[in-house]
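One structure below.
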Protein chains: 2
Amino acid sequence: MEKYLKILKKCSLFYGISDDNLLKMLTCLGARIIGFDKKYTIFAEGNTAKYIGIMLSGTAHTVQMDYFGNRSVLSVIKPTHIFGEAFACAEAENVPVSVIASEPCEVMLIDCGHILHTCSNNCGFHQQLIFNLMKDLATKNIMFHQKIEITSKRTTREKLLAYLLFRAKEQGADSFDIPFDRQALADYLEVDRSGLSAEISKLCREGILECRKNHFEFLNKPY
Amino acid sequence: MEKYLKILKKCSLFYGISDDNLLKMLTCLGARIIGFDKKYTIFAEGNTAKYIGIMLSGTAHTVQMDYFGNRSVLSVIKPTHIFGEAFACAEAENVPVSVIASEPCEVMLIDCGHILHTCSNNCGFHQQLIFNLMKDLATKNIMFHQKIEITSKRTTREKLLAYLLFRAKEQGADSFDIPFDRQALADYLEVDRSGLSAEISKLCREGILECRKNHFEFLNKPY
DNA sequence: ATAAATCTGTTGAAATTTCAACGAAATGAG
DNA sequence: CTCATTTCGTTGAAATTTCAACAGATTTAT
């Protein structure tokens, strides 16, 4: 566990908790660590929500599939991020999304029941954990507002620009990377991949953007 | 305040709190009640998040506007519902949405700081309130998943059917009402209003649906 | 290093959405 | 009750997206 202390300390779930208390608490919470290869399913749609995941290394995506196999990407999960907490906290019967490793991952799993309900040792940090969970859920809520702001645009071009402008702002630079390949970006923006590729080329030809794989640069920011 | 006790007791924020404690707590939290006429703005986009709202009577919509005035409806707020809590809990500087009364409303406002930080009277219910807020935020998160599941469909017809099927399931009947007029439904589904009207007519002609204003009935459920 | 598999950009045709405009119906105000 | 306003359904044309197919590039596995 010590190996991951640095990552765990940055995890919002453990805000306000000292190092040695953190380690004790992890034992008390029955935390486990599991590794996943690329493309493996970390949480599967349809299961009961029980565990909160903490990403220790690697990246994963939250995805939703409909009847016809259309894929929608909801969010990106990077080291220090929590996932599955909304379903676990709401004690949902049926999780409507899957979490899929987009690179090899190491994940810490914690049974959410141990966080929400007092543990036998009464280790006294539940209140802080619950407060931290509340903050995290509020932040996730705002993230969804952002995603909806992006995908509510009506054209591929507008969605793409809205997305890229958010990422540029987030990274504080006109030159930045995105955590998606083309298909995943299309699934996040909820548009057709080939149409998305065409739009990227067009923006490059117009001198607004420069793009090499997952790296983008604004030459002329619109708006 | 007593007048609203019946509604407040059903509000998830006050779960697990007895009637007389509830009334005392409202005083301690500095709760205020304000009325709004139809179309009035309850919370305005761009302001700092400070208050949690509780709807006491009437209905409101959460809406987002982009540069060009395109409107997107995020959610419906009915009596007993909480709103604004995500921004207040995350202590957001700039709320990206407005809350607009879609009928005359009465709203209770509570300064969120009084919930998150211990009050001078130390009235001892903060832990319960924070737990309740966490549950509420987890539920809202799931609501957004649902909205995204609906709006990620690529055609007006699929979005409309997905939405109506959710509402039918929610109300446990093939005959049900929706809380939107045509324009608001279009803004929720993120489609063109006239195209939506056309699609509704088509579904009716095909014998799948029956519709009178905001009332819908499935005659033949697809899928 | 080589072969296989995956990812990406292009294309053109078909399907769908958006947009603007209009009249009819419903609602609200005085 | 009447007039003004808003909502709603319809239309046709223009713009955009989706779909399918393909070849070149890149990545992965052996």
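Letters go in sequence order (proteins before strands), and every chain restarts at 1.
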**Any Ser194(A) side-chain N or O less than 4.0 Å from OP1/OP2 of dT8(C)** = no
**Item:** Salt-bridge contact Lys135(A)-Glu91(B) (side-chain N to carboxylate O under 4.0 Å)
**Value:** yes
**Prompt:** Are Glu199(A) and Lys159(A) ion-paired here, with the side-chain N under 4.0 Å from a carboxylate O?
**Reply:** no
In whole Å, I'd like the distance from the [atom1] atom of [X] to the [atom2] atom of [N].
X         : N       : atom1 : atom2 : answer
Asp181(A) : dT26(D) : CG    : C1'   : 12 Å
Leu189(B) : dT18(C) : CG    : P     : 11 Å
Asp37(A)  : dT28(D) : CG    : P     : 13 Å
Leu196(A) : dT18(D) : CG    : P     : 10 Å
Glu158(A) : dC19(C) : CD    : C1'   : 14 Å
Arg182(A) : dC7(C)  : CZ    : P     : 13 Å
Arg193(B) : dT10(D) : CZ    : C1'   : 10 Å
Leu185(A) : dC7(C)  : CG    : P     : 14 Å

**Asked** Does anything in residues 34-54 of chain A pair up under ring-ring contact (aromatic ring centres under 6.0 Å, His included), and if so which pairs, sequence neighbours excluded?
**Response** Phe43(A)-Phe83(A)
**Item:** Side-chain touch Glu85(A)/Cys112(A), heavy atoms, less than 4.5 angstrom
**Value:** no
**Prompt:** Is there a donor-acceptor contact under 3.5 Å from the side chain of Asn132(A) to the main chain of Leu13(A)?
**Reply:** yes
Report all interatomic pairs (protein N or O, nucleotide N or O of nucleotides 24-30 of chain C) with separations under 3.5 Å.
from, atom 1, to, atom 2, distance (Å)
dT27(C), OP1, Lys213(B), NZ, 2.4

**Message:** Between Gly195(B) and Lys39(B), which residue's closest nucleotide on DNA chain D lies nearer the 5′ terminus?
**Reply:** Lys39(B)
**Prompt:** Just how far is it from atom CG of Leu209(B) to atom CD1 of Ile200(B), taken to the nearest 0.5 Å?
**Reply:** 7.5 Å
**Item:** Sugar-phosphate, base or nothing in reach of Ser197(B), heavy atoms under 4.0 Å
**Value:** base
**Request:** Taking all heavy atoms of Asn141(B) and all of Leu137(A), pick out the closest pair and write down the distance.
**Result:** ND2-O, 3.5 Å
Between the protein and nucleotides 13-17 of chain D, are there any N/O to N/O pairs under 3.5 Å, and if so, what are the atom names and distances?
from, atom 1, to, atom 2, distance (Å)
dT17(D), OP1, Thr156(A), N, 2.3
dT17(D), OP1, Thr156(A), OG1, 3.0

**Prompt:** If we ignore angles and hydrogens, is there a donor and acceptor under 3.5 Å between the side chains of Thr41(A) and Ser98(A)?
**Reply:** no
**Message:** If you take the centroid of each ring, where Trp contributes its six-membered ring, are Tyr188(B) and His61(B) closer together than 6.0 Å?
**Reply:** no
